[in-house]
2 protein chains.
Amino acid sequence: MSLKHAVLVLLEAEPASGYDLLKRFNERMGYFWNASHQQIYKQLKTMHEAGDIDCQEEVQAGRPDRKVYSITPQGHGELLTWLAKPVKPNKINDSLLVKMYAGHLRDSDVILEEVRDHRQIHETMLQTFQAMEAEYQALVPEEQLPFKLPYLTLRRGILGEQSWLAWADEVEQALAGVAEQV
Amino acid sequence: MSLKHAVLVLLEAEPASGYDLLKRFNERMGYFWNASHQQIYKQLKTMHEAGDIDCQEEVQAGRPDRKVYSITPQGHGELLTWLAKPVKPNKINDSLLVKMYAGHLRDSDVILEEVRDHRQIHETMLQTFQAMEAEYQALVPEEQLPFKLPYLTLRRGILGEQSWLAWADEVEQALAGVAEQV
DNA sequence: CTCTTCATGTAACTAGTTACATGATTAC
DNA sequence: GTAATCATGTAACTAGTTACATGAAGAG
């Protein structure tokens with residue numbers, strides 16, 4: 001039930017439309033939050049009906065009207081309440097590992113190929129995150145201060161991707177070893 | 001849609017009841033698959049109706065009858081089809097990082113406390129995984145062979161937890177640093 | 001006598017996916 | 001001319017959570 005709270009966190013910083021929120025999730029929180037536009041628009045509707053957010057409609061010519069949402073005092077209260085409650089550690093359900101576990105039903109080559117495909121995706125993500133890190137590190141300390149906590153979440157993304165790639169190395173070594181034996 | 005396939009993978013190895021499956025998920029796949037008993041029982045019912053699994057009812061005295069499910073040829077086919085299709089990388093939605101991102105709305109101390117609570121959980125998991133790793137490593141090479149792929153999934157669990165703990169170290173350093181400045 | 005294990009589910013709900021639906025504007 | 005960006009949604013579906021429901025057997 002945290003899409004709601006992720007939205008509140010973003011709106012607490014600055015009002016935004018559903019479209020804006022989608023971009024912010026992708027650009028600034030991609031390593032810890034993902035949501036589709038369908039999910040976001042539905043959630044905004046629910047939250048507006050519940051009174052957690054206000055809506056200001058900006059009429060536009062030639063394209064749909066922009067609905068700019070902002071957090072209400074009630075929404076702010078909701079957010080603070082949620083922040084004060086402990087969250088459970090994330091549940092992990094990883095399909096790729098299910099496939100790896102059942103790998104004896106497939107060719108080693110096919111498994112390796114899939115791991116390599118995923119590796120490319122993870123490498124790209126790591127590069128993106130490291131580019132963001134470089135931007136942060138280029139700031140002088142006073143400018144860094146307000147981004148200290150977001151930067152820590154970015155570190156989680158970087159360490160997570162590096163760990164994934166280290167695992168992929170182990171997998172490729174182990175499975176390439178099998179191929180040589182054959 | 002992979003709970004179905006995770007169940008098929010387990011049943012492909014050996015018939016099991018819903019209760020058995022729950023235990024196997026927790027004991028042997030805890031680092032990459034989690035499901036509640038409610039979810040499992042519902043899924044088994046659906047899969048039985050679809051013909052992917054067979055059901056043998058074992059009548060018992062004094063406790064509910066045990067329903068032992070086994071994979072059908074159709075289910076086996078389903079599994080092979082799924083294994084041949086690429087899966088998308090896992091989507092990450094991590095509430096703890098949402099809270100971290102919004103940490104300026106809270107006390108540093110409270111954040112630190114929550115990270116420490118999570119650290120304990122992750123340390124316990126790492127210890128469990130490492131105990132499993134030690135068991136595997138105690139086997140002679142011929143005995144290791146059939147567990148090669150499950151062992152690789154275990155490695156993912158271990159590397160993942162180690163990475164999480166390394167991140168927690170960074171967070172504690174960064175936030176303790178703030179506390180000292182105050 | 002209390003806790004854990006065995007063994008099963010239903011019901012109501014929240015969360016997320018996939019497919020469908022529209023259409024102007026701007027950059028290359 | 002074609003692709004990306006801007007900007008919104010609905011509908012049907014699959015996945016997962018939370019609360020409720022039962023009750024004997026065995027370990028300490």
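Just so we're clear, the structure is a prediction, and the values are computed from it rather than from any experiment. Here is how names work: the chains are called A, B, and so on, in the same order as the sequence lines, proteins then strands, and each is numbered from 1.
Nearest heavy atom pair, residue B:S17 against residue B:R66, reads OG-NH1, 3.5 Å. Among all heavy-atom pairs drawn from A:L149 and B:L175, the shortest one is CD2-CD2, 3.8 Å.
Between B:Y31 and B:F129, the ring planes are perpendicular. Angles over 60° get that label, and only those under 30° would be called parallel. Ring orientation note: the planes of B:Y151 and B:Y136 are close to parallel, at an angle under 30° on the 30°/60° scale.
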Nucleotide by nucleotide, 5' to 3', does protein get under 4.0 Å of the base (B), only the sugar-phosphate (S), or neither (-) in nucleotides 5-14 of chain D, counting heavy atoms? SBBBBB---S
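Between the P atom of D:dG16 and the CG atom of B:N90 lies a distance of 11 Å, rounded to the nearest Å. One can place NZ of A:K91 at 8 Å from C1' of D:dT17, the figure rounded to the nearest angstrom. Atom CH2 of A:W33 and atom C1' of C:dG16 are 11 Å apart (whole Å). In this entry the distance linking CD of A:Q43 with C1' of C:dT17 reads 15 Å, nearest Å. Rounded to a whole Å, the CG atom of B:N93 is 13 Å from the P atom of D:dG16. Across the protein-nucleic acid pair, A:N34 atom CG and C:dG16 atom C1' stand 12 Å apart, rounded to whole Å.
For A:R155 and A:E133, the salt-bridge test passes: some basic side-chain N is under 4.0 Å from an acidic carboxylate O.
For the pair B:R106 (side chain) and A:L83 (backbone), a donor-acceptor distance under 3.5 Å is present.
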